[in-house]
Every structure is written in structure tokens, then in C-alpha cells.
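Below is one structure, written out as C-alpha cells; the observations come after it.
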Amino acid sequence: MSVTIKIRDKEFYSFEEFASNIYRFQEESFVLINSKKFLTLLKSEKPELFKQVINLRETETNDFCFTFKVSYLFNPLMPLQFYNCCFSDIKELGRKILNGAPKIDVYTMDFFKNSLMSYYLRLKGYDCTDPVLYSKIVQLEHNFLENEQRSYFKFGFLLAQTQKIVYRRRGYKNISAFFDYILKSNKLHEFAMDFDKNQYVFAWLELLGKENAIKKFESLVQTIRLWEE
Amino acid sequence: MKKEDMVLLLAELCSYDCTDFLEEKNQQFLNSKTMKEIEEILSQKKDYVLPSFQNLMYDYEKLKSEKIKSIEEYFIKCGKASYLLYSFKNKKYINPLLCVGEEKDTLLKNLIITFDGSDMFLGDAIMKENYSSNYKIDCIKDCINKWRKEILDTFIYPMEALVTISENLPLKRKIPVMRLIYGFILLLANIFLLIPFFFKDGLAYNTLMNNITYSYYSYPFLFLYYFTFGLDFLFVLSLVLRRRIYNKYFHSYTLLFNNTYKIMKKLNSNTEKLYNILLNCINKKSEVNGNLTSFSNLDYEFQAFIYLKRVNDSKSFTEDHLLTYEIIGIQVLFVLSTYVIIIYFLIERGVLK
């Protein structure tokens with residue numbers, strides 16, 4: 001029996017094909033997957049997948065996570081894709097985050113927040129092939145809510161596998177060169193304006209092992225603000 | 001806190017060498033608005049000796065004198081300066097049992113006390129809910145005891161020591177040269193008064209002793225006598241008045257020496273009065289009203305104490321109206337001796353009976 005799944009004006013003739021296009025029609029796909037018609041079709045065509053979808057529906061409360069996970073149930077071989085973005089590999093996602101810095105993409109942020117990165121890596125077997133990267137990603141997801149923006153950029157550095165920060169189109173690999181540029185080239189005022197709000201620099205510094213320095217910085221700033229008040 | 005400074009701090013904490021910025025930061029700190037404001041407040045209260053104030057002043061001096069060695073230190077110093085300014089502005093140093101000048105107008109409820117580990121207005125602490133009356137009473141007791149102890153330690157006990165050692169104070173006395181010359185001339189004039197008594201049958205002797213009719217020549221003698229008497233009188237009178245009116249040191253010393261017991265009594269009574277008012281407010285859960293005038297009536301004595309202490313500490317006390325009593329005392333003695341001798345002569349010769 002042939003399968004035809006229709007979203008807007010697009011038609012898909014298999015569940016795999018439908019799955020690989022879910023990221024383009026995130027909201028419509030969610031509605032469709034939950035429709036009685038679709039579930040009946042799924043039950044009759046792929047009863048095993050149907051059971052998995054039903055189980056997932058019971059455990060997953062977040063719509064975005066649900067559709068993302070369903071898409072990989074249908075087609076586990078797909079590259080990383082969500083919310084209109086498709087990445088050939090995880091490095092590309094990392095590069096996208098860093099190239100956009102200090103701006104933040106809320107969909108990517110949502111993706112990390114919902115621990116979908118580790119889900120994807122598990123699906124692709126990274127937990128066996130690159131356990132170090134996998135454990136770092138899990139750790140980052142675990143602590144994501146502590147500082148969402150900083151974690152977001154840390155994901156960027158980690159996935160892009162780089163320690164280079166790009167500021168005003170110039171790349172800096174070490175702290176000294178970066179601060180030399182900021183402090184001695186009349187860029188201080190411009191940089192200072194919102195450096196503490198966007199966490200790009202802090203994420204980079206943490207990556208270079210300056211966690212303690214940042215903690216001390218934050219605690220000092222907090223104390224001084226209290227004194228000033 | 002400037003954002004630029006925050007970047008510097010971050011750079012330093014990440015091991016970036018910020019030495020080049022330290023001098024600039026040091027100057028910025030010293031010329032900051034906060035430090036200027038503190039300086040202005042302190043310039044108006046140079047002689048305030050209560051330890052709570054002195055501690056704040058010491059902290060300020062330390063902040064001012066020590067050079068900044070790191071950006072982190074710069075931030076800490078800025079924070080400390082802000083807290084110091086807050087303490088000065090809110091008059092955290094005020095002791096309600098001993099206020100000077102305008103401080104007396106401070107409202108009782110606006111005093112800052114430590115309540116449950118944090119700074120709080122006295123009025124707010126008393127009205128604070130979720131704390132038992134007993135807790136508040138204990139807290140108030142602690143505060144009042146602290147204030148009382150502060151006065152005992154810095155005013156009453158040192159005052160007792162001060163009035164004892166003041167007599168031997170190594171004063172740097174300004175010798176009143178003009179007054180000594182005047183005294184010397186007066187002394188000679190008094191000696192001159194005695195001369196006629198040693199020349200019997202002379203004009204002066206006859207004029208004074210024999211009650212003969214005054215001749216034309218006797219008037220200058222009489223004038224000299226009366227004139228010298230007048231000068232003697234003015235000289236002695238001026239000594240007494242100067243000592244009384246102008247000698248602040250003498251005055252302060254006498255005030256404290258004679259009133260030690262009274263001062264202690266006043267302090268106890270003020271402490272009791274303050275405690276009773278606050279206790280009443282706690283029990284009735286009513287607002288604290290009034291200012292500090294009624295508990296703080298030791299300021300006159302306190303200022304005298306500060307003055308004496310300053311003189312003692314400096315050991316270079318000079319006062320325009322302080323006379324060299326030893327020399328002028330001898331002069332006075334001579335003047336008085338002249339009168340004794342004259343009276344003796346007059347009685348012996350039967351002029352005075």
C-alpha cells in the first residue's frame with residue numbers, strides 16, 4: 001500500500017521522506033502526527049513505529065521535542081535538522097553559532113535547552129565513537145539553565161571544535177592578544193557597552209579554563225554593586 | 001562601577017597584565033566623587049573623637065594613603081569608599097548619648113543600629129514584625145550598652161586621667177614680652193613709692209606723713225602715687241580677668257576637674273532615659289519620636305575634653321593669653337609688698353590709726 005502524506009502543497013510518499021522534511025513544517029507536522037488519520041495510517045503501515053510514537057507522546061510534553069524525536073524515529077539516518085535549519089555535521093552547527101555571535105538564535109537555544117543535542121548524538125552513536133565530546137555535551141545540557149546564553153556559546157565552541165574567538169572579524173586564540181586589542185586600540189568603550197550581557201567572551205574564557213577567574217569576577221561585581229546600592 | 005573598569009577587572013583576573021592602568025585608576029579613585037564627598041564631611045568634624053567615628057576616619061585615611069596595586073583592589077577600594085560614604089551620610093557613627101552641634105537634631109528613629117546582623121534604622125527595628133519584644137529589648141540593650149561603653153572608654157575614663165596629668169603638661173608657653181616689661185616698669189614705680197619714706201623731712205615725706213598743708217610741689221608726688229596705685233590695680237585686675245576670661249585651657253581644665261562626678265551622673269541618667277523611652281516604644285509597639293537633644297547634654301564638657309586632649313597630645317600648646325605665671329607672680333608679690341610696707345610705715349608714723 002502506498003503512503004501519501006500531505007503538508008501544505010507538498011506531498012511525501014514515505015514516512016522517511018516525510019521525516020526528512022519535518023524541520024521545514026515544524027508546527028504543521030506536530031498537528032499532523034497527532035491526528036487520528038495519521039496515527040491510523042502509521043498503525044497499519046508500521047505498527048512498531050506506531051507503538052514508539054505513542055510511547056513518546058506519553059513521555060514527551062514539549063511539542064518541538066516530540067516532532068524532532070518522531071522525525072528521527074521515522075528516519076534515523078537524517079543529518080541534524082530542526083526549525084528550517086539543516087546541518088551536514090555538528091561542526092556546522094557550532095560554526096553557525098559562533099558566526100552569529102554575540103546574537104543568539106532562539107530556536108537553537110531551544111534545541112540545546114531541551115537536551116536534543118545529546119539525544120541526536122546518542123542516535124548517531126557519538127556516545128561510543130566520541131565519548132569525551134558526548135559527556136561534555138551532556139554536562140553542558142545539565143548545567144544549561146545556570147546561564148543559558150553562556151552555555152549556548154559554549155555549545156558553539158565545543159561543536160565547532162575551536163578555541164578561537166572572533167571579534168570584529170579578527171580571530172584571537174589567546175587571552176592576552178584579545179585583551180591587548182580591546183584595551184589598547186580604543187575599542188574599550190565599544191566593547192564594554194554590553195560585554196557582560198552577552199556571554200560570548202565569558203563562554204570563550206571558560207573554555208580556556210578561566211572558570212575560577214570568571215566566578216571571582218562575578219562575585220566581585222555583585223558585591224561591589226551591593227556596596228554601591 | 002564603570003563598564004570599562006569591569007573589562008579591566010576581567011582582563012586582570014584572566015592573568016592579563018594591567019600594571020599600565022594602575023596609576024590612572026589610583027588618580028581616578030582619589031579624585032572620585034565619593035572620596036571628595038567624604039573629605040568634605042570629614043573637614044567639618046576634625047575633632048570628633050568617638051571611636052566609631054575615628055574608625056571610619058581611619059578607614060578613610062587608609063583608603064587614601066595606600067596605593068592601588070591591582071584592578072581588583074581598585075574595585076574593592078571603590079566599594080569600601082561607597083560604604084564609608086554611606087556610613088558618614090547616614091551618620092552611622094552617631095552616639096545618641098553624646099552628640100555635638102547639629103547632630104542633636106537627628107531623629108531618634110533615624111539612628112542606625114545593628115539589628116539581626118544588618119544595619120537598620122532604629123525606628124524600623126522597633127516596628128519590625130516577626131521579632132519578639134524580648135529580642136528587640138535585648139538588641140536595644142546591647143546598643144545602649146555599646147554607646148555607653150563608648151563614652152566611658154573615650155570620654156569619661158580618659159577625662160579622669162587627663163585632669164590628673166594636665167598639671168604637668170609640658171606647655172610651650174608664649175612669653176608675653178610686653179606684659180613683662182610693663183610689669184617691670186610697674187615694679188620700679190612701686191619701689192619709687194617707697195623711697196620718700198626713707199628720707200625724713202623731705203617734701204614727699206612731709207606731704208604724706210605730717211598732714212601739713214599741701215604745697216605747690218606736693219601735687220606731682222601725690223599724682224605719681226595715685227597714678228601708680230591705679231596702674232597696680234589695673235595690672236592685678238587684668239591678670240585675674242585674663243585668667244578667667246581668656247584662658248580656655250584653664251577653663252576647660254576647671255570644668256572637667258570640678259564636674260567629673262556630675263558628668264558621670266548625667267551619663268547614667270541619660271542612658272536610663274533613653275532605655276526607658278525605647279522600652280516603652282517596644283512594649284506599646286509605637287513609633288519612636290523626638291530627637292537626641294534630651295539624651296545628649298554632655299557636649300559642652302565633651303568639647304572641653306576634646307580641647308584638653310588636643311593640647312595634651314600636641315604638647316606644643318601656645319595660647320596668647322596664657323601668662324608666665326611664675327614671673328608675673330613675683331611682680332604681683334612685689335607690688336603687694338610695696339603696699340604692705342607703705343601701710344606699715346603709715347601705721348608706725350601714726351598717719352593711719
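Sequence lines set the chain letters: A, B, ... in the order given, protein chains first and strands last, and positions in each chain run from 1.
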message = Check this for me: does any side-chain nitrogen of one of B:Lys77 and B:Glu66 sit under 4.0 Å from a carboxylate oxygen of the other?
response = no

query = Does A:Asp105 come within less than 4.0 Å of A:Lys96, counting only side-chain N to carboxylate O?
reply = yes

message = Counting only non-hydrogen atoms closer than 4.5 Å, does A:Asn212 touch chain B with its backbone (N, CA, C, O), its side chain (CB onward), both, or neither?
response = neither

key: Heavy-atom pair count under 4.5 Å with chain B, highest-scoring of A:Val221, A:Leu205, A:Ile214   = A:Val221

task = Apply side chain to side chain donor-acceptor pair (under 3.5 Å) to B:Ser15 and list each qualifying residue two or more places apart in sequence or on a separate chain.
result = A:Lys210

task = Count the heavy atoms of every other residue, nucleotide or ligand shown that sit under 6.0 Å from NZ of A:Lys216, and state whether that count exceeds 12.
result = no

request  = Return the set of residues passing ring-ring contact (aromatic ring centres under 6.0 Å, His included) with B:Tyr60 (not counting sequence neighbours), or none when no residue passes.
outcome  = none

message = Need one label for B:Phe75: side chain, backbone, both or neither, based on atoms under 4.5 Å from any heavy atom in chain A.
response = both

Sequence neighbours excluded, every pair satisfying side-chain hydrogen bond (donor to acceptor under 3.5 Å, both in side chains) that has a member inside residues 82-92 of chain B = B:Glu37-B:Lys89, B:Tyr83-B:Lys92, B:Tyr83-B:Asp119, B:Lys92-B:Asp119

message = Check whether A:Tyr119 forms a cation-pi arrangement with A:Lys69 (NZ or CZ under 6.0 Å from the six-membered ring centre, at most 45° off the ring normal).
response = yes

key: B:Ile76, part contacting chain A, at a heavy-atom distance under 4.5 Å   = both

key: Positions in residues 17-26 of chain B that reach chain A, provided some heavy atom is under 4.5 Å away   = B:Asp20, B:Phe21

query = What do you reckon, is OH of B:Tyr135 surrounded by more than 12 foreign heavy atoms closer than 6.0 Å?
reply = yes

task = Taking only Lys NZ, Arg NE, NH1 and NH2, and the carboxylate oxygens of Asp or Glu, determine whether A:Glu218 and A:Arg150 approach each other closer than 4.0 Å.
result = yes

query = Measuring heavy-atom distances to chain B, does A:Leu208 have an atom under 4.5 Å in its side chain, in its backbone, in both, or in neither?
reply = neither

ask   = Which of parallel (below 30°), tilted (30 to 60°) and perpendicular (above 60°) describes A:Phe178 and A:Phe191?
value = perpendicular

query = Side chain, backbone, both or neither: which part of A:Leu183 has an atom under 4.5 Å from a heavy atom of chain B?
reply = both

message = Between A:Lys215 and chain B, with a heavy-atom cut-off of 4.5 Å, which part of the residue counts as in contact: side chain, backbone, both or neither?
response = neither

request  = Heavy-atom distances under 4.5 Å only: say whether A:Phe202 touches chain B with side chain, backbone, both or neither.
outcome  = side chain

